[in-house]
Amino acid sequence: MNKALRKAVIAGNWKMNKNRQEAKALIAEMLPLVKDADCGVVICVPYTNLETALEATKGSNVKVGAENCHWATSGAFTGEISADMLAEMGVEYVVLGHSERRQYFGETDGTVNKRLHAALTAGLKPILCVGELLNEREGGITEEVVGMQTKLALAGVTKEQLANIIIAYEPVWAIGTGKTATAEQANEVNHYIRTVVEKLYDKETADAMTIQYGGSMNAGNAEELTAQPDVDGGLIGGASLKAADFAKIIEAASK
Ligand code: PGA
């Protein structure tokens, strides 16, 4: 596996944090700190901050993403936002299948797959999240769970479309808990996901795929995690809400 074949991307996942003023201030503080990044930089923000983030990042190296999108282009889906609505605003990325969506909002592998197709059709770049629960890791079925989530999410996705997808391996037990997977654990599962992609498509496609790690990645552990051969950057929750920490992670991934 050759790391030089693909691009590391550090994406912030703000979750349900920051009002408009706070978003403006955080982006203003962050931009000068990350302008020399040698990796992709994305911030995925609440819908209400998309306009602000797009405006504030104009002309910079920071791309903007949403945290979910619906599978239909429009219609009677109260409270939902379509991929087309996001694309029309100028949003480039969208997080899909995050474990919090699966856990609290009934998201399934089936709906993740439908949302993924809608995002791709609209021209968005999905950041597809997969990851096992603690009891699944303890039960020794991490590969089964992550492999199944990956295969079901990618059902019907062409090789050409896959080039626009990032996969984020996020062990659920490591999200927001301060418990990070060890660099070896992260690399092992990221590598496994790459073999799943290779079986579904081919080696060249798998080698070119950006596969991130997410789950309590921070300024202190980012360097070791992102140095792993199969870890191509990260999806960052808590630490993306502090400009200095986020910048340190980007610096680590740029090495
Ligand atoms: P965390 O969140 O970095 O706060 O653990 C990661 C994520 O949920 O994407």
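Each ligand, and each atom within it, is numbered from 1 in the order the structure gives. No experiment lies behind these values; they were computed from the predicted model shown.
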Open item on the list: Please work out, at 4.0 Å between heavy atoms, whether the side chain, the backbone, both, or neither of Ile175 comes within that distance of ligand 1.
Closed with: both
Open item on the list: Taking distance alone, with N or O pairs closer than 3.5 Å, would you say Lys15 contacts ligand 1?
Closed with: yes
- [ ] Using a strict cut-off of 4.0 Å, indicate which atoms of ligand 1 neighbour a heavy atom of His98.
- [x] 7 (C), 8 (O), 9 (O)
Task: CD-CG distance between Glu92 and Leu86, expressed to the nearest 0.5 angstrom - done: 12.5 Å
TODO: In plain terms, say whether Asp109 and Lys114 are close enough for a salt bridge, that is, a side-chain N and a carboxylate O under 4.0 Å apart.
DONE: no
Open item on the list: Contact between ligand 1 and Gly214 is defined here as a heavy atom of the residue under 4.0 Å from a ligand atom; is it met?
Closed with: no
Open item on the list: Any salt bridge linking Glu107 with Arg101? Criterion: basic side-chain nitrogen under 4.0 Å from a carboxylate oxygen.
Closed with: yes
Task: Polar proximity ligand 1 side, Ile236 side, N/O cut 3.5 Å exclusive - done: no
Open item on the list: Between Asp202 and Lys159 (salt bridge meaning N to carboxylate O under 4.0 Å), is one present in this structure?
Closed with: yes
TODO: Sort and list the pairs that fulfil ring pair (Phe, Tyr, Trp, His ring centres under 6.0 Å) and have at least one residue in residues 21-56, not counting sequence neighbours.
DONE: none
- [ ] Considering the heavy atoms of Leu235, write down every atom of ligand 1 situated less than 4.0 Å from one of them.
- [x] 6 (C), 9 (O)
Task: Numbered atoms and elements of ligand 1 in range of Ser216, under 4.0 angstrom, heavy atoms - done: 1 (P), 3 (O), 5 (O)
Task: Distance, nearest 0.5 Å, that separates NZ of Lys24 from CG of Leu26 - done: 13.5 Å
Open item on the list: Tell me the contacting part of Ser240 for ligand 1: side chain, backbone, both, or neither, using a 4.0 Å heavy-atom threshold, strictly below.
Closed with: neither
- [ ] Using a strict 4.0 Å cut-off to heavy atoms of Glu170, name the atoms of ligand 1 that fall inside it.
- [x] 6 (C), 7 (C), 8 (O), 9 (O)
Open item on the list: Taking distance alone, with N or O pairs closer than 3.5 Å, would you say Gly215 contacts ligand 1?
Closed with: no
Task: Ion pair Arg137/Glu132, N-O distance below 4.0 Å - done: yes
Open item on the list: Tell me whether Lys15 at atom NZ has more than 12 heavy atoms from other residues, nucleotides or ligands lying less than 6.0 Å away.
Closed with: yes
Open item on the list: Taking 4.0 angstrom as the limit and counting only heavy atoms of Gly238, give me the atoms of ligand 1 inside it, by number and element.
Closed with: 1 (P), 3 (O), 4 (O)
- [ ] Give me the ring orientation class for His70 and Phe77: parallel if the planes are under 30° apart, tilted from 30 to 60°, perpendicular past 60°.
- [x] tilted
- [ ] Could you list the atoms of ligand 1 found under 4.0 angstrom from a heavy atom of Ala174?
- [x] 5 (O)
- [ ] Could you tell me whether some N/O pair between Gly237 and ligand 1 is separated by less than 3.5 angstrom?
- [x] yes
Task: Atoms of ligand 1 close to Gly176 [distance to a heavy atom under 4.0 angstrom, numbered from 1] - done: 1 (P), 4 (O), 5 (O)
